[in-house]
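Contents: one structure, followed by commentary.
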There are 2 protein chains.
Amino acid sequence: MALFWCFHHKMPGGFTIQTTVLMYRQLRDHIEKISPLTDQEYDLVCAQFEYRKFRKHQYLTQVGEPVKYHYFVLSGLLKLVFTTENGKQHIVSFAAEDWWESDFYAFFTKTMATMSLECIEDTEVLCLSLDGYRYLCATFHKMEHFFLEKANYGFIGAQRRIISSLTSDAKERFEQLQKQYPFLIQRIPKSLIAAYLGVSRETLSRLY
Amino acid sequence: MALFWCFHHKMPGGFTIQTTVLMYRQLRDHIEKISPLTDQEYDLVCAQFEYRKFRKHQYLTQVGEPVKYHYFVLSGLLKLVFTTENGKQHIVSFAAEDWWESDFYAFFTKTMATMSLECIEDTEVLCLSLDGYRYLCATFHKMEHFFLEKANYGFIGAQRRIISSLTSDAKERFEQLQKQYPFLIQRIPKSLIAAYLGVSRETLSRLY
DNA sequence: CCAAATTCGTGACTTACATCAATCTCAAAA
DNA sequence: TTTTGAGATTGATGTAAGTCACGAATTTGG
């Protein structure tokens with residue numbers, strides 16, 4: 001039952017009983033910004049998710065392995081990383097609270113991951129399997145609508161980033177990031193910001 | 001009635017009566033690769049679209065104006081262009097047959113366009129208004145599913161392009177484009193390819 | 001058909017950024 | 001305390017690609 005199945009999880013403050021309620025509220029609030037649901041509907045929605053906790057530096061998915069889940073981030077911070085043959089890491093995106101993240105191509109097509117998903121901080125997520133995703137979309141028109149809205153805005157965001165890389169130099173791209181996600185600059189080592197912006201950490205360091 | 005409303009359109013060969021049937025089939029075939037529809041359903045779907053024809057160099061939407069439509073390309077070729085203050089044009093994407101294109105942010109939020117959508121060739125499109133889009137999504141779960149699939153793959157494609165710009169130099173990006181859309185290289189002036197790849201036309205010219 | 005505009009290629013020079021390497025700080029571990 | 005290691009900074013040098021300039025080839029429109 002959705003209301004009970006992560007009862008054993010310990011909160012930072014030592015509370016246990018509140019956990020599922022928090023998860024419940026956070027995901028529900030998030031979904032209901034787009035698609036309000038009845039209690040019964042949300043119970044069925046919630047039942048498709050599995051709570052998991054990861055520690056800093058742990059992998060949620062690794063290159064070459066299947067991508068079993070689409071992740072909703074409850075707390076913490078993730079990076080989606082593409083690594084080139086020469087071993088250089090490039091950050092495709094970050095994911096903080098209330099963001100969805102996965103290697104989508106691998107997830108949707110059931111192929112092996114080409115990107116790894118790793119924790120920058122200790123992170124709590126809700127995992128949604130492909131079957132669960134399909135079940136939600138097929139069963140609840142509202143949920144398909146929700147995911148469509150998310151996908152549309154995800155696409156728009158990705159297109160913005162493409163425009164940014166086409167039109168702006170390193171300094172401008174950094175300023176745009178700083179403006180859009182100021183909290184990232186604080187929480188993340190500069191070398192990761194550089195790997196996201198597509199510049200070397202030395203160059204980024206010289207931009208101040 | 002969906003079957004009749006662009007009867008007056010002239011085909012290249014001089015045929016007229018076939019036009020609507022072709023449009024009918026092309027959009028229907030396209031949608032039914034994802035979501036099969038009954039004849040009645042498709043009639044209602046089709047009724048939301050408006051046929052239009054544009055000539056090379058014409059604008060479908062211009063910067064600063066509202067974006068009234070989401071466009072489905074029947075034939076021809078479009079470019080979605082972002083222009084910087086210094087007047088340089090950057091190509092956000094191309095759209096050929098069976099592609100969907102628009103300034104999505106402006107379209108969905110009813111704000112003014114930040115990108116222009118222009119014809120590279122004479123182009124036939126089917127125009128879908130925001131009301132039409134919402135009607136289709138709200139009325140037909142299948143159509144919401146169709147647009148979700150499109151949006152997901154659109155996002156994946158945009159993310160691929162981001163990865164390409166993070167990891168590859170001009171030559172590699174060109175080769176990737178050539179591999180993925182070989183027909184574009186033939187149909188489009190190299191200067192536009194360059195504006196898409198994010199290199200100067202001189203540099204692109206020297207890559208061969 | 002010719003004139004005008006596009007398109008493409010190439011040389012000379014400049015620039016933004018990468019790379020390599022050496023410090024420097026600071027916090028956590030031993 | 002000393003040690004370690006991650007992160008940030010700074011300098012010297014190399015290189016991919018931008019910019020400016022010119023001209024040839026091709027396409028387009030009147």
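Order of the sequence lines sets the chain letters (A, B, ...), proteins ahead of strands, with each chain counted from 1. In this text the structure is predicted, and so the values were computed from the model without any measurement.
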Ranking C/dC17, D/dG18, D/dA17 by distance to the side chain of A/T203, first place goes to C/dC17

If I take atom [atom1] in residue [X] and atom [atom2] in nucleotide [N], what distance separates them, rounded to the nearest angstrom?
| X | N | atom1 | atom2 | value |
| --- | --- | --- | --- | --- |
| B/L192 | D/dT27 | CG | P | 16 Å |
| A/I188 | D/dA6 | CD1 | C1' | 16 Å |
| A/F174 | C/dA16 | CZ | P | 19 Å |
| B/R55 | D/dT28 | CZ | P | 13 Å |
| A/L197 | C/dC17 | CG | C1' | 13 Å |
| A/L204 | C/dA16 | CG | P | 17 Å |
| A/N86 | C/dA18 | CG | C1' | 13 Å |
| B/K190 | C/dT10 | NZ | C1' | 15 Å |

Can a donor-acceptor pair be found, under 3.5 Å and without considering hydrogens, that links the side chain of [X] to the backbone of [Y]?
| X | Y | value |
| --- | --- | --- |
| A/S102 | A/Y69 | yes |
| A/R161 | A/V92 | yes |
| A/R52 | A/L60 | no |

_4.5 Å side-chain heavy-atom contact, B/L177 and B/Y181_ =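 A side-chain contact exists here, since the closest heavy-atom pair is under 4.5 Å.
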
Which is true for [X] with a 4.0 Å heavy-atom rule: it touches a base, it touches only sugar-phosphate, or it touches nothing?
| X | result |
| --- | --- |
| B/S200 | base |
| B/K171 | nothing |
| B/S205 | base |

Could a donor-acceptor pair under 3.5 angstrom be found where the side chain of [X] meets the base of [N]?
| X | N | answer |
| --- | --- | --- |
| B/R206 | D/dG18 | no |
| A/E202 | C/dC17 | no |
| B/R201 | D/dG18 | no |

Contacts of A/V199 and B/Y208 projected onto DNA chain C by closest heavy atom; the upstream (5') one is B/Y208

Less than 4.0 angstrom between a side-chain N/O of A/K56 and OP1 or OP2 of D/dA6, yes or no? no

Would you say B/S129 and B/D131 are linked by a side-chain donor-acceptor pair, where the criterion is simply a distance under 3.5 Å?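 No, B/S129 and B/D131 have no side-chain donor paired with an acceptor closer than 3.5 Å.
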
